[in-house]
Amino acid sequence: MTDAPPLPALPIRDYRQGGLLGYASDHAPKARLLMDTVLRGFGPAAWALRQMLPWGDRIAARRLLRSEDPYREEILAIRQALGVPGPVAFALSYEFGCTARGFPDQDVLFRSLDWPFSGLGAIAELVWLRGPAGEWVTVTWPGVAGVLHGTAPGRFALSLNQAPERQSGFGRAVDWLASRRRGARSFGLPPTHLLRQVFETAKDACTARKMLEETEVAAPVIFTLLAPGGEALTIERLEAEAKTQQGALAANHFTGRSQGRWRARGFDSHGRMAMAQRFEHPPRLDALQPPVLNPLTRLAVNMHLDGRLSACGYEQERPVTAVTETSLPADARESEPRQHAPHRPIASLG
């Protein structure tokens with residue numbers, strides 16, 4: 001009996017110069033594979049959805065223009081670089097489940113990402129980026145303009161969880177259509193675009209918190225924020241309102257708001273949160289257990305405040321990649337250190 005071959009590592013990319021547009025352009029075949037993977041997840045409806053992508057791109061482009069989205073031109077350039085319809089519509093997609101838990105005493109933010117599209121875990125990549133506020137690293141896919149999670153060395157680690165679904169009393173189909181209508185009419189930023197903007201421009205955790213609490217968003221969302229000094233927050237957002245709680249712990253239901261009008265999303269959201277709350281240490285990324293591990297799990301990520309990030313891809317409730325870790329590239333470590341403002345407790349910000 002022979003040993004199983006080792007699992008492949010996730011690719012590590014340095015796009016601190018070219019940014020996410022350069023990343024998508026250089027890896028256009030993989031970006032197109034990402035869209036094909038998502039479309040296949042819709043089964044028999046995939047063909048019809050593919051025919052609707054040019055129409056979806058036009059609607060999404062108008063929405064991005066109306067809201068003065070800072071990434072609109074980049075998203076349109078990604079569509080041109082890929083040469084296929086879909087990237088603009090995909091830039092506004094927002095359908096996934098997550099579990100997040102911060103460990104302030106260990107300077108680590110853990111998160112798992114659940115998505116109903118098989119194949120995404122095997123093709124994820126670790127990408128280094130840079131904005132006006134400094135370097136940061138995320139786990140993503142080429143062609144994706146928004147950000148779901150990441151860490152900025154010495155500044156903060158952040159993750160984004162989809163919020164529960166508003167209930168109208170008329171069934172899930174009506175609830176889904178109503179949420180799409182609200183999003184289409186909103187002038188707020190897509191939550192994934194806001195998270196990217198925070199990584200690029202927030203020089204410290206105080207600024208990050210202010211942006212996450214006060215920037216209008218296009219849909220409800222839950223942010224988890226971990227910062228130096230053992231500080232952690234969960235920010236439950238509605239479009240123009242924020243409720244912030246101490247501790248970084250989230251799944252896909254609200255804990256600081258009435259549960260009556262909200263329906264939890266994803267696989268056993270309450271069970272996932274309860275399990276994450278019992279963790280004493282960040283879990284081993286290639287050994288997750290149910291219900292944090294479930295049939296929809298695609299990624300497990302640990303984000304360290306010193307800039308280290310490790311990730312593992314999942315499919316069918318088992319790892320399909322090795323646990324892969326990256327740290328700040330050598331040239332950034334050796335460059336002149338950026339001056340940081342004196343540390344201010346994020347909880348004290350009004």
Side-chain angles (χ1 to χ4, degrees), residues 12-24 69-72 74-75 78 91 94 98 100 102 107-111 113 124-161 188-218 221-228 231-235 237 242 248 250 299 301-311 326-329 332-333 338 340-341 346 349:
I12 300 172
R13 313 289 189 189
D14 186 349
Y15 275 89
R16 289 172 294 153
Q17 296 298 325
L20 289 174
L21 174 56
Y23 175 48
D69 191 290
Y71 304 112
R72 175 178 180 269
E74 177 183 300
I75 292 167
I78 288 175
Y94 183 54
C98 317
D107 288 345
V108 178
L109 178 62
F110 161 78
R111 78 105 92 254
L113 178 66
E125 301 189 348
L126 284 62
V127 183
W128 276 97
L129 298 159
R130 176 185 288 138
E135 289 83 11
W136 52 287
V137 62
T138 186
V139 186
T140 188
W141 299 264
V144 176
V147 173
L148 301 173
H149 40 238
T151 182
R155 290 190 284 153
F156 42 75
L158 292 171
S159 67
L160 175 157
N161 287 26
L189 273 181
T192 57
H193 294 192
L194 173 57
L195 204 68
R196 173 177 169 183
Q197 191 175 60
V198 171
F199 275 114
E200 291 178 339
T201 65
K203 293 185 179 296
D204 55 37
C206 291
T207 308
R209 174 182 176 177
K210 185 177 178 66
M211 293 174 68
L212 295 172
E213 289 180 329
E214 297 182 3
T215 306
E216 183 178 355
V217 289
V221 60
I222 304 171
F223 296 113
T224 46
L225 168 62
L226 187 70
E231 297 171 305
L233 296 176
T234 300
I235 303 171
R237 283 296 313 270
L299 279 177
V301 187
N302 278 332
M303 297 162 281
H304 301 251
L305 290 178
D306 63 5
R308 287 177 294 131
L309 183 147
S310 52
T326 184
S327 59
L328 187 62
R333 290 199 300 269
R338 186 167 51 87
H340 294 271
I346 56 177
L349 183 67

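- The shortest distance between side-chain heavy atoms of Thr192 and Val147 does not fall below 4.5 Å.
- Here the shortest heavy-atom pairing between Leu126 and Ala311 reads CD1-CB, 4.1 Å.
- The salt bridge (charged side-chain N to carboxylate O under 4.0 Å, His left out) search around Arg111 returns none, not counting sequence neighbours.
- Scanning for side-chain contact (heavy atoms from CB on, under 4.5 Å) contacts around Ala124 gives Leu10, Val139, Trp141, Leu299, with sequence neighbours left out.
- Of all non-hydrogen atoms in Ala133 and Ala202, the two that sit nearest each other are CB-O, 3.5 Å.
- Closest approach of Pro153 to Gly307, counting heavy atoms only: CG-CA, 3.6 Å.
- Applying the side chain to side chain donor-acceptor pair (under 3.5 Å) test to Thr224 and every residue at least two apart in sequence or in another chain returns Ser159.
- Scanning for ring pair (Phe, Tyr, Trp, His ring centres under 6.0 Å) contacts around Phe110 gives an empty result, with sequence neighbours left out.
- Annotation: ring pair (Phe, Tyr, Trp, His ring centres under 6.0 Å) contacts of Phe223 (sequence neighbours excluded): none.
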**OP:** Apply salt bridge (Lys or Arg N to Asp or Glu O under 4.0 Å) to Arg196 and Glu74, showing your working.
**Re:** CA-CA 13 Å; Arg196 173 177 169 183; Glu74 177 183 300; 2.7 Å; yes

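- Counting heavy atoms from C-beta on, the side chains of Leu20 and Val144 never come closer than 4.5 Å.
- Looking only at distances, no side-chain donor or acceptor of Asn161 sits under 3.5 Å from a matching main-chain atom of Ile222.
- The backbone N or O of His304 sits nowhere less than 3.5 Å from a side-chain atom of Asn302 that would complete a donor-acceptor pair.
- Under the rule for a side chain to side chain donor-acceptor pair (under 3.5 Å), Arg237 has no partner lying at least two apart in sequence or in another chain.
- Counting heavy atoms from C-beta on, the side chains of Ile78 and Leu21 come closer than 4.5 Å.
- Tested against Leu195 for a side chain to side chain contact (heavy atoms under 4.5 Å, CB included), the candidates Val221, Leu148, Leu212, Thr138 yield a single pass: Leu212.
- A distance of 8.5 Å separates CG of Leu129 from CG of Asp14, quoted to the nearest 0.5 Å.
- Under the 4.5 Å side-chain criterion, counting only non-hydrogen atoms from C-beta, Cys98 is not in contact with Leu160.
- Met303 places a side-chain heavy atom less than 4.5 Å from the side chain of Val301.
- Remark: Gln197 pairs with no residue by the side chain to side chain donor-acceptor pair (under 3.5 Å) rule, at least two apart or across chains.
- Contact between Leu309 and Gly150 at its shortest, heavy atoms only, is CD1-CA, 4.4 Å.
- In terms of the ring pair (Phe, Tyr, Trp, His ring centres under 6.0 Å) criterion, residue partners of His193 (sequence neighbours excluded) are, by chain and number, Tyr71.
- In this structure, SG on Cys206 lies 11.0 Å from CZ on Phe156, to the nearest 0.5 angstrom.
- One finds no salt bridge joining Glu135 and Arg155 here, because no Lys/Arg side-chain nitrogen approaches an Asp/Glu carboxylate oxygen to under 4.0 Å.
- If you check the side chains of Thr151 and Trp136, you find no donor sitting under 3.5 Å from an acceptor.
- Considering every non-hydrogen atom in both Pro142 and Ala24, the closest pair reads CB-CA, 4.3 Å.
- Looking at Gln17 and Arg130, their side chains come closer than 4.5 Å, going by heavy atoms from C-beta outward.
- Taking CG of Leu158 as the start and NE2 of His149 as the end, the distance is 11.5 Å to the nearest 0.5 Å.
- Note that the CD1 atom of Ile235 and the CE atom of Met211 stand 11.5 Å from one another [nearest 0.5 Å].
- In terms of the salt bridge (charged side-chain N to carboxylate O under 4.0 Å, His left out) criterion, residue partners of Glu125 (sequence neighbours excluded) are, by chain and number, Arg13, Lys30.
- Leu305 and Leu226 make their closest contact through CD2-O, 3.5 Å (heavy atoms, listed as atom of the first residue, atom of the second, distance).
- Rounded to the nearest 0.5 angstrom, Asp107 CG and Arg308 CZ are separated by 9.5 Å.
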